[in-house]
Protein chains: 2
Amino acid sequence: MTRPSQELLRSISDEHVLRSLMAGRKLTRAELAVETGLSKPTVSESVRRLVENGLVADTGERTPGGRGKGRVGSFYGLAGDIGVALVVTIAPGGVTAECVDAYGDVVTHVRNRIADAVEVAATLPLTVTEAVAGQRVLLSTVSAADPVDRHTGRLVHLPDSPFLVGELDPVEVLRPLVGEPVVVDNDVNWAAQAEQTALGTSDFAYLYLGEGLGCALVADGEVRRGHSGLAGEISHLVTVGPSGATPFIEVFGELGLRRPGTTAIDVARVGEADPVVLARAISGVVTALVTLADPEFVVIGGSWGPSLLDAITSECARSPRPVPIRVASVAEPSLTGARADALHRLRAALVEASKAQ
Amino acid sequence: MTRPSQELLRSISDEHVLRSLMAGRKLTRAELAVETGLSKPTVSESVRRLVENGLVADTGERTPGGRGKGRVGSFYGLAGDIGVALVVTIAPGGVTAECVDAYGDVVTHVRNRIADAVEVAATLPLTVTEAVAGQRVLLSTVSAADPVDRHTGRLVHLPDSPFLVGELDPVEVLRPLVGEPVVVDNDVNWAAQAEQTALGTSDFAYLYLGEGLGCALVADGEVRRGHSGLAGEISHLVTVGPSGATPFIEVFGELGLRRPGTTAIDVARVGEADPVVLARAISGVVTALVTLADPEFVVIGGSWGPSLLDAITSECARSPRPVPIRVASVAEPSLTGARADALHRLRAALVEASKAQ
DNA sequence: CTGTTCTGGGCAAGACCCCTAACTAGAATC
DNA sequence: GATTCTAGTTAGGGGTCTTGCCCAGAACAG
């Protein structure tokens, strides 16, 4: 446990001030005192320390311009060169890279389309370099549209599952460009995290139905990834197919909905299939989800999943433990989730830096 | 966030001293200083406060008796009337009640056998009253061999699932006897928690095969109970039965292994069934578990599950994502898990009490 | 028996940290 | 030019932790 030192109190004060500035952008010392609940002298001392450490700076702006009489105050804000977080998404359609500052503002955003998974290796470094543009990157989060090994951050190729962006080690690619730490997770987990932030629900499941098939489980307010990060890789979960019990992914094979020569679902042609057959297979997956994880509801996301909402809902209503089905509410969910996590980690890293000295 | 007050430092010191005493039973102030890393004057002050608040007392024992020369020291320990935690297990075979003190010692233990679920209502209060025996109970944990509603603590009767101890509201029964708070969970979750403590593994699944069928999921070091506490209620999970896809519980029906007139498995006759058929059904459940939760391994517990280890292992080895299978290692797992949690909560409650003033 | 050694515990001084209260600086207003 | 009002500083007090020193008193050596 923490030792009860005077330094602890000081660092708590600094954290209060720093977090207030992250939320409030520009504040005078008097405003900071009100915001943090600390006394004016304590805030002044804390600001002095933070300026000295290079985390906070006088913005140059002064108070007046209409707010009463009184002495002019100095606005303080986070230092300009304090650093940003990099957010990367890697999906079959393209690669995105963003830089987010500690206020939560997206300061750069670069998106490059790709036609094929082989282009990822070449496009990724270019996109990242353009987005970084010389800024100081303190950490990165990466969303990849494939299973991710929790310990190494490498993409995992599960046999016969959709595998969309190719063998790739994002940590290895990013490290020379932006340094450590690099956090990699799959797009469905990030999407679920975004949904969790938006809905505030502690226990739900996110079922992603697009070119790939995936699912994420949120339990006690956090996405649970399992031992190696492969929780929710449901391609081989046995469910109800056109000809009896079938692994989920093979249902699409039997229906002729997989793109020839690849492992991906042919999204454009999903609409041609019988929605009831699809919904029955999906309902089998949902039943297993409900049985094992007991979610409050199941969120359906992905490119074609939401269009089957009604069929899925009526199939699931017939199961022994029916559960509400919803459509995902967050746009660009993987990017949003990865960005929220990057912001959270960036702020924590800066607070940590203020405690370091 | 916490305010940076002087009082915070004081309460941290007190917590250090209190937790050292919980671990060390009897310590002099000098030993406490070494143990906590605090200075002697700080420890002395803290002990003075804790004695004043009634949490700590001079044991009357004095140091000498052979340990070197030096001045005699006074041993301090937790106050005798500081309070205990009550641990209750309710299973088809009987009701157990224990009191645990903050050192982790079981100070009373009462066990009453029952022949039938209807006896629970009468036996439970008797057993608890005998175990409590006038002691001050600060909190209780209850293990029940049926699904438990996470929010109310009441037992839930899922249709056609084994239901062993009858309609019961443990919170309502215990409140008049011992007061709040009462934490109720099902026996499988407690068993998994005990296993987690013993093994230290963060992500695994616990499959319980006894009179009832259940499973618990440990993710990121904690048992995850789901929205309403019904995670892992696998009776209706569809798996491979003798005649194709069948809900898990109905496999036992088809094999004639359910006790007539009840919903329970006839444990005595499980051995008569073909182990391969059983193992295949179990393997189907394990596959779903692995797919959705990605455990590091699966622990098999319950009265008859471990005897099928070899059959289950060889069936599971054939699945697309094989996972190690182990036998549960903790004896009396539900009681052990509930007791460990009670101890943890009791200690936290005492620390909280030291901070209250 | 006496002096030495050694350990538990207390006391005093100092360093910090936070707070309140009073004060100063400086601009707007009357 | 006096008043009013706000930002920020200074001074003093209370609290907590630490270091260093001293004292009490039992065991031990001679």
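Being a predicted model, the structure only gives us computed values, none of them experimental. Sequence lines set the chain letters: A, B, ... in the order given, protein chains first and strands last, and positions in each chain run from 1.
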| Rounding to a whole Å, what distance do you find between A/E45:CD and C/dC16:C1'? | 11 Å

| request: Ignoring backbone atoms, test whether B/T28 places a side-chain nitrogen or oxygen under 4.0 Å from the OP1 or OP2 oxygen of C/dG9. | output: yes

| message | Checking A/R48 now: which residues fulfil salt bridge (charged side-chain N to carboxylate O under 4.0 Å, His left out) with it, not counting sequence neighbours? | response | A/E45, A/E52

| message | Please tell me if B/R29 has a side-chain N or O lying less than 4.0 Å from either OP1 or OP2 of C/dG8. | response | no

| When only distance counts, do a donor and an acceptor, one from the side chain of A/Q6 and one from the base of C/dC16, lie under 3.5 Å apart? | yes

| field | Separation of atom CG in B/L27 from atom P in C/dG9, rounded to whole Å | value | 11 Å

| task | Please list all pairs passing the salt bridge (Lys or Arg N to Asp or Glu O under 4.0 Å) test where one or both residues lie in residues 348-357 of chain B, with sequence neighbours left out. | result | B/E15-B/K355

| query | Can you list every salt bridge (Lys or Arg N to Asp or Glu O under 4.0 Å) pair that touches residues 70-83 of chain B, not counting sequence neighbours? | reply | none

| task | Salt-bridge test for B/R345 and B/D341: reply yes if a basic N is under 4.0 Å from a carboxylate O, no otherwise. | result | yes

| 4.5 Å side-chain heavy-atom contact, A/K40 and A/V43 | no

| field | Separation of D/dC17 C1' from B/L9 CG (nearest whole Å) | value | 8 Å

N/O to N/O distances under 3.5 Å, protein versus nucleotides 18-25 of chain D:
unit_1: D/dT18; atom_1: OP1; unit_2: A/R3; atom_2: NH2; d: 2.9
unit_1: D/dT18; atom_1: OP2; unit_2: B/S39; atom_2: N; d: 3.0
unit_1: D/dT18; atom_1: OP2; unit_2: B/S39; atom_2: OG; d: 2.9
unit_1: D/dT18; atom_1: OP2; unit_2: B/T42; atom_2: OG1; d: 3.0
unit_1: D/dG25; atom_1: N2; unit_2: B/G70; atom_2: N; d: 3.4
unit_1: D/dG25; atom_1: N2; unit_2: B/R71; atom_2: N; d: 3.2

| request: Could you tell me, to 10°, how much the axis swings from one end of the helix from C/dC1-D/dG30 to C/dC30-D/dG1 to the other, five pairs per end? | output: 30°

| Is any side-chain nitrogen or oxygen of A/S5 closer than 4.0 Å to OP1 or OP2 of D/dC17? | no

| said: B/F204: which residues meet the ring pair (Phe, Tyr, Trp, His ring centres under 6.0 Å) condition with it, sequence neighbours left out? | reply: B/F297

| Listed by chain and number, what are the salt bridge (charged side-chain N to carboxylate O under 4.0 Å, His left out) partners of A/D101, not counting sequence neighbours? | none

| CG of B/L32 versus P of C/dT7: gap in Å, rounded? | 18 Å

| note | B/R347 meets the side-chain hydrogen bond (donor to acceptor under 3.5 Å, both in side chains) criterion, sequence neighbours left out, with none

| query | Tell me, which pairs form a salt bridge (Lys or Arg N to Asp or Glu O under 4.0 Å) where one or both residues lie in residues 190-202 of chain B, sequence neighbours left out? | reply | none

